[in-house]
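Side-chain atoms are counted along with the backbone in the values below, which use heavy atoms only and exclude waters and symmetry mates.
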Amino acid sequence: MGGQYSTLIILVVFLGLMYFLMLRPQQKQQKKHRDMMSDLKKGDHVVTIGRLHGVIDEINQADKTVTLDCDGIYLVFDLRAISNVTSQAPAAVTAPVAASEAATKEEPADDASADSAAAEPASEAAADDADDSEATK
């Protein structure tokens, strides 16, 4: 009889652990996502499940769709396609612009030194080729 109770206790403990380690966190995540979806409004920066970044232009609750403005291109998605809401504009759009501006400011100085460095070996190589051709004659 003691073996039956220990099996029952192990089963109850296992079910309790499964609830607290798997089901409860999933329910919390679903509740958090539901709350986020209910708080969506025009102008929010969002990311879709396909990792497309955009700004909400229109929400149609009747059709359960959302229209995103992705750099002037308007795309319609199901509300379920919204993965998360970001608090600011996507960094991927602003970072390359700043990097390209910095690169264009530094390019003239780098190009001048690179051109002069590239010109010296080229002239030396041309002189070596001329010497080699004269030596073969």
Item to check | From N84 atom CG to H45 atom NE2, the distance as rounded to the nearest 0.5 Å | outcome: 13.0 Å
Item to check | Exam field: side chain D69 to backbone G72, donor-acceptor pair closer than 3.5 Å | outcome: yes
Next on the checklist: How about CD on Q29, more than 12 heavy atoms from neighbouring residues, nucleotides or ligands closer than 6.0 Å, or not?
Outcome noted: no
Checklist entry - Given side chains that start at C-beta, do those of L40 and I56 come closer than 4.5 Å, heavy atoms only? => result yes
Checklist entry - Does the side chain of D78 reach to within under 4.5 Å of the side chain of K64, using non-hydrogen atoms? => result no
Checklist entry - Within a strict 4.5 Å, meaning less than it, do heavy atoms of the L79 and Q61 side chains meet? => result yes
Item to check | Minimum side-chain heavy-atom gap L8-Q4 below 4.5 Å | outcome: no
Checklist entry - Can you check whether E58 reaches V66 side chain to side chain, under 4.5 Å on heavy atoms? => result no
Checklist entry - Any link between F20 and F14 through a network of hydrophobic side chains (Ile, Leu, Val, Met, Phe, Trp, Tyr) touching at under 4.5 Å? => result no
Item to check | Atom pair NZ (K31) and CE (M36), whose distance is rounded to the nearest 0.5 Å | outcome: 13.5 Å
Checklist entry - For C70 and G54, which heavy atoms make the closest approach, and how far apart are they? => result SG-CA, 4.0 Å
Next on the checklist: Do Q26 and M22 have side chains that approach each other closer than 4.5 Å (heavy atoms only, starting at C-beta)?
Outcome noted: no
Checklist entry - Salt bridge check: are K41 and D44 linked by an N-O gap of less than 4.0 Å? => result yes
Item to check | T65 backbone acceptor or donor facing D63 side chain under 3.5 Å | outcome: no
Checklist entry - Can you name the closest pair of heavy atoms from R80 and M37 and give their distance? => result N-CE, 4.4 Å
Item to check | Hydrophobic cluster identity match, I82 and I73, side-chain contacts under 4.5 Å | outcome: yes
Checklist entry - Looking only at heavy atoms, which two atoms of D35 and S38 are closest? And how far apart? => result O-OG, 2.8 Å
Item to check | Heavy-atom check, side chain of S83 versus side chain of H33, under 4.5 Å | outcome: no
Next on the checklist: Side-chain heavy atoms nearer than 4.5 Å, only ILVMFWY residues, links allowed to pass through others: does that put V55 and F77 together?
Outcome noted: no
Item to check | Inter-residue atom distance I10.CD1 - L15.CG, 0.5 Å rounding | outcome: 12.0 Å
Item to check | In one Ile/Leu/Val/Met/Phe/Trp/Tyr side-chain cluster, 4.5 Å: V85, L68 | outcome: yes
Checklist entry - Under a 4.5 Å side-chain heavy-atom rule over Ile, Leu, Val, Met, Phe, Trp and Tyr, are I59 and L75 clustered together? => result yes
